[in-house]
Amino acid sequence: MKNKESLSKGFRHSSIIFLIVLFFNIFSASAQNIGTMSSDSSSRQKHSMSNMTLPMPFFTHMGMPMPVGRYSLRFSTLLTQVNGTSYVDFGVQFETGLTNYIGFLARLDESKTEIMLNVAAIRSKNGMSGFSPLIEFEIATHESVNVQTGFSTTLSNSLIAFHQVIHYGLQEKNFEGSVALVYKVSKRIFLISEFLGEKKQDELLNATLLGGVKFQFNNHFLLAVGVQFPVTKNQDYTSQYILQPDLELGN
């Protein structure tokens with residue numbers, strides 16, 4: 001039985017990796033074609049990228065799609081404590097821009113796979129702030145797909161950024177949401193605070209508070225450490241410690 005579960009999980013993991021690679025190749029080619037057709041749009045995109053100086057939070061995705069040609073890959077190691085016992089979970093999150101207005105996110109952990117598309121409906125001139133409707137497909141292990149719809153926002157400048165996302169699951173009738181603040185302490189140190197919550201049908205709210213710091217070693221590599229605690233009676237663990245390498249690639 002365990003071997004069957006491991007095989008199923010391995011197949012699921014391999015499938016999502018294949019999808020990420022497939023999307024990456026198809027839309028990278030499309031983005032290059034779009035860029036050659038509109039030099040003005042390309043220059044605005046580069047200007048936006050140059051202004052996006054703050055890193056992403058731990059788990060809350062950005063409210064605006066990433067620029068085309070820029071890629072974020074975050075690996076998470078989570079040491080979870082439950083009533084005196086501990087276990088380790090792993091997760092990976094990939095994020096990029098498919099076009100100037102459409103963003104793509106894939107997140108994979110031990111319990112579920114998430115694939116999300118968000119569309120920039122409102123965006124500031126510098127590309128750092130705005131509003132984006134989103135659709136997400138959540139695939140839990142041995143369960144059906146839960147389609148979620150919602151929206152995300154970002155308000156940001158060169159010193160501080162606010163990110164928010166909320167969505168509703170059409171199949172499971174659940175709400176999920178999070179807010180995050182990223183504050184630039186110095187050129188290479190950033191403080192991060194996140195509040196994450198989920199409300200399932202006929203269950204109490206499950207919410208956690210996360211605090212941490214990110215260290216930027218160069219333009220492409222950051223390392224984050226953080227700790228997360230439940231703040232409601234309905235809780236899955238007593239504490240969680242996070243180590244998260246962050247690769248920022250592309251232009």
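Along the sequence shown, residues are numbered consecutively beginning with 1.
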A side-chain contact here means heavy atoms from C-beta on lying under 4.5 Å apart; do [X] and [Y] qualify?
X	Y	result
E95	R107	no
V147	I135	yes
Q148	E176	yes
F94	F104	yes
S72	L247	no
L210	S193	no
V213	I189	yes
I115	E136	no

Are [X] and [Y] connected, step by step, through hydrophobic side chains (Ile, Leu, Val, Met, Phe, Trp, Tyr) whose heavy atoms are closer than 4.5 Å?
X	Y	answer
F59	I192	yes
L134	I166	no
V92	V88	no
F190	I242	yes
L223	L191	yes

Separation between [atom1] of [X] and [atom2] of [Y], rounded to the nearest 0.5 Å:
X	Y	atom1	atom2	answer
T96	I102	OG1	CD1	12.5 Å
E138	T113	CD	OG1	9.5 Å
L98	L117	CG	CG	6.5 Å
Q93	R74	CD	CZ	4.0 Å
N146	E114	CG	CD	10.0 Å
S178	E194	OG	CD	6.5 Å

Write down the atom of [X], the atom of [Y], and the distance for their closest heavy-atom approach.
X	Y	answer
M64	I122	CE-O, 3.7 Å
Q216	K187	OE1-O, 3.8 Å
P230	Y237	CG-O, 2.8 Å
L196	Q228	CD1-OE1, 3.4 Å
S132	P65	OG-CD, 3.7 Å
T232	L205	OG1-O, 3.2 Å

*Show the numbers, then the answer: is there a side-chain contact (heavy atoms from CB on, under 4.5 Å) between T208 and V231?*
CA-CA 5 Å; T208 60; V231 293; 5.7 Å; no
*For residues F151 and F131, establish whether the separation of their ring centroids is below 6.0 Å.*
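Distance test on ring centres: under 6.0 Å, yes.
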Is there a donor-acceptor contact under 3.5 Å from the side chain of [X] to the main chain of [Y]?
X	Y	answer
S129	S156	yes
D246	L222	no
H220	E248	yes
K214	V182	no
K173	L170	yes

*Residue of the set H163, H61, R123 for which side chain to side chain contact (heavy atoms under 4.5 Å, CB included) holds with T154*: H163
*With N174, the side-chain hydrogen bond (donor to acceptor under 3.5 Å, both in side chains) member among E198, H167, K200*: E198
Atom pairs and distances, donor-acceptor, side-chain atoms in residues 78-86, under 3.5 Å, two or more places apart:
residue : atom : partner : partner atom : Å
T80     : OG1  : Q240    : NE2          : 2.9
Q81     : OE1  : S239    : OG           : 2.9
T85     : OG1  : V82     : O            : 2.8

_Walk me through whether Q164 and T153 qualify under side chain to side chain donor-acceptor pair (under 3.5 Å)._
CA-CA 5 Å; Q164 166 275 323; T153 55; 2.7 Å; yes
